[in-house]
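Each remark here refers to the structure printed beneath this line.
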Amino acid sequence: MSRNLAVDKKKLLEKLRKTPIVEVACKQTGVPRSTYYRWRKDDEDFASECDEAIEHSAGLINDMAESQLISAIKDKNMSAIFFWLKHHHKSYKTRIEVNAKLQTIQQELTPEQTEVVSRALQLAGLTTEDETDETR
């Protein structure tokens, strides 16, 4: 591995730890996206490190977003309040109510259908020919 390649990969990983957006990290480090994806394909360790870096930076973004949501709640923003309750309180979760009447109709099998079922059970080894004859 050349020294520049190792340095470029390291710089890219540092950017991915700060932003979970591959295109942005690539632009900021001067590494083409196609090169990034080739590196991932050719180097399993690099791919794993990228996944960890992206997960870390996504966690940071989530923390920041949650902090902003809490600030909006403190400012009495009703949309933020409703969002929080809907996703964190069971009484406000979206529910679906289904009302239905089910009616089952039991029909007798035709002789042809009975023969097909019997043969299928025999072929599957679930019954013997004698057992099939008894049920007819």
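FYI, the numbering just counts along the sequence from 1.
Summarising the local packing, NZ of K93 is surrounded by more than 12 heavy atoms from other residues, nucleotides or ligands at distances under 6.0 Å. Heavy-atom neighbours of F83 CZ from other residues, nucleotides or ligands within 6.0 Å: at or below the threshold of 12. Within 6.0 Å of the CD atom in E14, the count of heavy atoms belonging to other residues, nucleotides or ligands exceeds 12. Annotation for F82: atom CZ does not count as buried by contact number, only 12 or fewer foreign heavy atoms lying within 6.0 Å.
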Assess whether side chain to side chain contact (heavy atoms under 4.5 Å, CB included) is satisfied between C26 and L12, documenting all intermediate values.
CA-CA 7 Å; C26 286; L12 184 56; 4.2 Å; yes

Stepwise side chain to side chain contact (heavy atoms under 4.5 Å, CB included) check, K11 with V31
CA-CA 10 Å; K11 285 180 183 176; V31 174; over 6 Å; no

Between I105 and Q107, is the side chain to side chain contact (heavy atoms under 4.5 Å, CB included) condition met? List the steps.
CA-CA 6 Å; I105 301 171; Q107 294 177 333; 4.0 Å; yes

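The closest donor-acceptor contact from the side chain of N77 to the backbone of S79 lies under 3.5 Å. Without hydrogens or angle criteria, T29 side chain to A25 main chain gives a donor-acceptor distance under 3.5 Å. Using a distance-only test at 3.5 Å, with no hydrogens or angles considered, a donor-acceptor pair links the side chain of H88 to the main chain of W84. With hydrogens and angles ignored, the 3.5 Å screen pairs a side-chain donor or acceptor of S71 with a backbone N or O of S67.
Rounding to the nearest 0.5 Å places CD of Q68 at 12.0 Å from CG of D63. In this structure, CG in N62 is found 10.5 Å from CD in E55, a value given to the nearest 0.5 Å. Atom OG1 of residue T94 and atom NZ of residue K86 lie 3.5 Å apart, to the nearest 0.5 angstrom. To the nearest 0.5 angstrom, I61 atom CD1 is 12.5 Å from K18 atom NZ. Atom CG of residue D8 and atom CG of residue L13 lie 11.0 Å apart, to the nearest 0.5 angstrom. How far OH of Y37 is from CG of D42: 14.5 Å, rounded to the nearest 0.5 Å.
Checked against side chain to side chain contact (heavy atoms under 4.5 Å, CB included), T110 has the following partners two or more places apart in sequence or in another chain: E112, Q113. Residues satisfying the side-chain hydrogen bond (donor to acceptor under 3.5 Å, both in side chains) test with E97, not counting sequence neighbours, are N99. By the side chain to side chain contact (heavy atoms under 4.5 Å, CB included) test, Q28 pairs with K15, V24, sequence neighbours left out.
A 4.5 Å side-chain heavy-atom check between S34 and R38 finds every atom pair outside the cut-off. Using a 4.5 Å heavy-atom threshold, the side chains of L16 and S57 count as separate. Side-chain contact check for I96 versus V98: some heavy-atom pair is nearer than 4.5 Å. Looking at heavy atoms from C-beta onward, Y36 lies in side-chain contact with C50 at the 4.5 angstrom threshold. Residues V22 and I54 meet the side-chain proximity criterion, which asks for heavy atoms closer than 4.5 Å.
In this structure, L85 is not a member of the same hydrophobic cluster as I70, with clusters built from ILVMFWY side-chain heavy atoms closer than 4.5 Å. Note: the hydrophobic cluster containing L123 does not contain V117 (ILVMFWY, side chain heavy atoms under 4.5 Å, direct or indirect links).
Of all the heavy atoms in A80 and L69, the pair that sits closest is CB-CD1, 3.6 Å. Nearest heavy-atom pair across L60 and R17 is CD1-O, 3.8 Å.
By the 30° and 60° cut-offs, the orientation of the rings of Y92 relative to H89 is perpendicular.
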